[in-house]
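Down below is the structure, laid out as structure tokens.
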Amino acid sequence: MSTTNSNADNHAEEHHGAPSGIMRWLLTTNHKDIGSLYLLFSLLMFFIGGAMAMVIRAELFQPGLQIVEPDFFNQMTTVHGLIMVFGAVMPAFVGLANWMVPMMIGAPDMALPRMNNWSFWILPFAFLILLMSLFMEGGGPNFGWTFYAPLSTTYSNDSTALFVFSVHIMGISSIMGAINVIVTIFNLRAPGMTFMKMPLFVWTWLITAFLLIAVMPVLAGAVTMVLTDKYFATSFFDAAGGGDPVMFQHIFWFFGHPEVYIMILPAFGIISQIVPTFSRKKLFGYSSMVYATASIALLSFLVWAHHMFTTGMPLAGELFFMYCTMLISVPTGVKIFNWVATMWRGSLTFEVPMMFSIAFIVLFTIGGFSGLMLAITPADFQYHDTYFVVAHFHYVLVTGAIFSIMAGAYYWLPKWTGNMFDEKLAKTHFWLSLVSVNVLFFPMHFVGLAGMPRRIPDYALQFADFNAVISIGGFAFGLSQLLFVAVVYKCIKGGEKATAQVWEGAEGLEWEVPSPAPYHTFETPPTIK
Amino acid sequence: MNNNEYEKYYVPAQSPWPIVGAVGLFCIAFGAGNYVNDIKNEVTGFGGYLLLAGMAIVIFMLVGWFRNVIDESMSGKYSKQLDRSFRQGMSWFIFSEVMFFGAFFGALLYARVFSVPWLGGASNNAMTHEVLWPAFEAIWPLTKTPSGVVTEAMGWNGLPLINTIILLISSITCHFAHVGLEQNKRKQLKWGLGLTVLLGCIFLFLQVEEYTHAYQEMGLMLSSGMYGNTFYLLTGFHGLHVTLGTIMLFIMFLRIVIKDHFTAENSFGFQAASWYWHFVDVVWVCLFIFVYII
């Protein structure tokens, strides 16, 4: 793949560089500015949500009620989940999409630049509302990030309304962001950039954007019904009026399951960019990767009730959802196989992005295997709502999604800033994260299998040692992330100048423009052969 | 395609409207969140005012934003490619709306197929029925809830049927206007569009009549159990969409009558509004079948 024209500055006379001051960021329509905003916002949220996780781990360091009230503990688990899902992981991927998708497909910007700004700037407000609700009389949302009825209706406090409306804004933001990505990819590809030439990050985001547009409105419907049930005397989730609390779970997980793929498909895309670069080989099985991604997305609509095996479903339903869930391991296996096959006999080097990617492949696979265990209905009756589930989804979300975001950030940071980052510090960050994250989450499998329930601030004495170890892992992981901030800060401030290609084996349009990438990249589309 | 043929893709410079809109949405959400609590706790607070202020800010933002877009469009800054972006964006937006209604249709079908029959003892729920509400009869429309709230079901003939016919005709007049635009018959365009807006207003008026009738004479309320819930949330959200669609079409009408905007080639704004209108129409047909008739 190569370009035929150099494009960086032939329109420089019309567009000046970046405007300065705070107004640049408030009023910007530039995909790179907005991408940076998304990424910085997500980093901030990562630390706020992380601080809440620290509160949780501090409370669980020893058995008995130690530091916080049970109700506050519940608020911490709830808001930690909401912030990490909607505030940290999703905006980080949208930020990466904003930065990279237009550059990867040779587009002048995102398709709808003003709407792009809007979809970012409503996010901080949404989280402002959510965080403010913690300080309300009666406390913040305490029903878990899944806000199951009747916890969120009959038994919830006054902050529920703020929770509902902040989720509405997050949804609006995600839908607008996704529309922008999907239209950009459909309509703004440079001539010659056919679908089957698109980098996999673009492919995975295209499919993710489709999932977002399909399921975020369903989440909006779910929170709306919670709102009317609580405040306007409807009984969607109340059997006394002919509704059903289990219906809440169906609607929520119809959103919720595609949502977990929304948080992992772009991760697959990032890994599929990085592994070939540092293996100095083309990605093995490009088209099978595309088809695997698409099949995961389609199957994601047919598996939601595996979150509800224990809440009451006809047997045929349990079987259907069990088999569909297990089917997902086939395309996922294809992906793992392809990454390993890409590395097979490649000229491997282990720069930081590659280290995170390899850690991703191994640790995400562990999360995948525990997912398979959970998919087995009868086994799930034992695992349901235990720390085994917590271990499972943190393996796929922290060592999966977050590690891929770290990998992506290290991979593209020189392209964004024009400087190489401090490799030594970054490697320290990697090793500390890798060790601590496993100290943090691996023992959770054991306490979970032994029956420790999740979302409870106290536990039986036999879990004490493991929980102390888990908490130490948690604090270490949390602190290690400060190194990431240090690396990013230093890299923005200066460092060894990066070349256009940055990494020896990197291929693709984004590596053909200078580093840092010019404020406006492709005002005239390059031609892809 | 070489560079000479390439129409430049218009990337607008900085715009103040998104951040204004973000502040507006914040006021709406924070205001509404406090307002519903004020109602529930029967106190007076700032919530309602903040909500209204937020709405005013968002309307201000929409007017300003659309004015910019219309100016840019009329001064010929938009390429064919950009026009496609708008069209695709609108199509995906309508798809997201379909999924939003899908959640409520899903709730309706779940109640009818599962939760209500189960409460009546269907499948393996004999004990549920026996222990919880043995007197409950599983019928749809659910005119008596398990806890004993009684209501009356809305018939499909009468107002709902008239409203269905009105909306169906409005879809035809809207299409008629579109054909007028394409064939450059401006008179047909104006009449068709004006009639569509009028029919939309009549529909909304009749819908208000129906709600009044339901509340005052039938005892069918939002709190009347699952039947009332799905009835009001589905028709209510549909009504909001009709309101929005009517406003959109009315603005297109004003643009055509006063400013003589839109040609057969440059007609995205009009088409977006008309797509939206047809979408709202299809939702109504589903509503009419699943909420009123069956």
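Chain A is the first sequence line, chain B the second, and so forth, proteins listed ahead of strands; every chain is numbered from 1. Owing to the predicted nature of the structure, the values given are computational and were not obtained by experimental measurement. Values below: every heavy atom of this structure, side chains too, minus hydrogens, waters and symmetry copies.
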| field | 4.5 Å side-chain heavy-atom contact, A/L27 and B/S15 | value | no

| field | A/L212 CG to B/S96 OG distance, which is reported to the nearest 0.5 Å | value | 11.0 Å

| message | Does A/M23 have more than 12 heavy atoms from other residues, nucleotides or ligands lying within 6.0 Å of its CE? | response | no

| query | Between B/M99 and A/I213, does a side-chain contact (heavy atoms from CB on, under 4.5 Å) hold up when you go through it step by step? | reply | CA-CA 8 Å; B/M99 294 306 292; A/I213 301 173; over 6 Å; no

| Near B/Y215 OH, under 6.0 Å, is it more than 12 heavy atoms from other residues, nucleotides or ligands? | yes

| Given side chains that start at C-beta, do those of A/T224 and B/F237 come closer than 4.5 Å, heavy atoms only? | yes

| note | Heaviest contributor of heavy-atom pairs below 4.5 Å to chain A, chosen from B/A111, B/A32, B/G106, B/P16, is B/A32

| request: Kindly say whether the aromatic ring centers of A/F165 and B/Y35 come within a distance under 6.0 Å. | output: no

| query | If you count heavy-atom pairs under 4.5 Å with chain A, which of B/S224, B/G33, B/S91 comes out on top? | reply | B/G33

| said: Donor-acceptor check, side chain of A/D158 to backbone of B/N37, threshold 3.5 angstrom: yes or no? | reply: no

| query | Which pair of non-hydrogen atoms, one from B/L82 and one from A/A111, has the smallest distance, and what is that distance? | reply | CD1-O, 4.4 Å

| Is there side-chain contact between B/Y232 and A/T228, with at least one heavy-atom pair below 4.5 Å? | no

| field | Distance-only donor-acceptor check, side chains B/Y9 and A/D109, under 3.5 Å | value | no

| query | Near A/Y231 OH, under 6.0 Å, is it more than 12 heavy atoms from other residues, nucleotides or ligands? | reply | yes

| said: Let's test your reading of the structure: which of B/S123, B/P146, B/G24 forms the most heavy-atom pairs below 4.5 Å with chain A? | reply: B/P146

| remark: Looking only at A/I129, A/N187, A/D244, most heavy-atom pairs under 4.5 Å shared with chain B are made by A/N187

| said: Can you tell me which portion of B/L222 sits under 4.5 Å from chain A's heavy atoms? Options are side chain, backbone, both or neither. | reply: both

| message | Quick check: do B/T230 and A/F236 have side-chain heavy atoms less than 4.5 Å from each other? | response | yes

| query | In terms of heavy-atom proximity below 4.5 Å to chain A, should B/L25 be classed as side chain, backbone, both, or neither? | reply | both

| message | How close do B/A103 and A/G221 get, counting heavy atoms only, and between which atoms? | response | CB-CA, 4.2 Å

| note | Shortest non-hydrogen pair, A/G243 vs B/M226, comes out as CA-SD, 4.0 Å

| request: Check whether any side-chain heavy atom of B/F26 sits under 4.5 Å from a side-chain heavy atom of A/I122, and report yes or no. | output: no

| field | Proximity breakdown for B/M90 and chain A, heavy-atom pairs closer than 4.5 Å | value | neither

| message | Donor-acceptor check, side chain of B/S115 to backbone of A/G242, threshold 3.5 angstrom: yes or no? | response | yes

| message | Test side-chain contact (heavy atoms from CB on, under 4.5 Å) on B/S85 and A/L188; report intermediate values, then the result. | response | CA-CA 8 Å; B/S85 285; A/L188 263 60; 3.7 Å; yes

| task | Determine the option with the most heavy-atom pairs under 4.5 angstrom with chain A, choosing from B/K144, B/M221, B/R87, B/E72. | result | B/E72

| What's the verdict on side-chain contact (heavy atoms from CB on, under 4.5 Å) for A/H250 and B/F114, showing C-alpha distance, side-chain angles and the deciding distance? | CA-CA 12 Å; A/H250 280 292; B/F114 297 120; over 6 Å; no

| said: For the backbone of A/G241 and the side chain of B/T145, can you confirm whether one donor and one acceptor N or O come within less than 3.5 Å of each other? | reply: no

| Are the aromatic rings of A/W118 and B/W65 close, with centres under 6.0 Å apart? | yes

| said: Which atoms of B/V149 are under 4.5 Å from chain A, going by heavy atoms: the side chain, the backbone, both sets, or neither? | reply: neither

| said: Test side-chain contact (heavy atoms from CB on, under 4.5 Å) on A/W121 and B/V23; report intermediate values, then the result. | reply: CA-CA 9 Å; A/W121 272 111; B/V23 173; over 6 Å; no

| query | Do A/R114 and B/N68 come within less than 4.5 Å of each other through their side chains, counting heavy atoms only? | reply | yes

| query | So do B/F93 and A/I175 actually touch side chain to side chain, heavy atoms under 4.5 Å? | reply | no

| When A/A161, A/S166, A/G192, A/S235 are compared by non-hydrogen pairs under 4.5 Å with chain B, the top option | A/S235

| With a 4.5 Å limit on heavy-atom distance, are the side chains of A/F125 and B/F30 in contact? | no

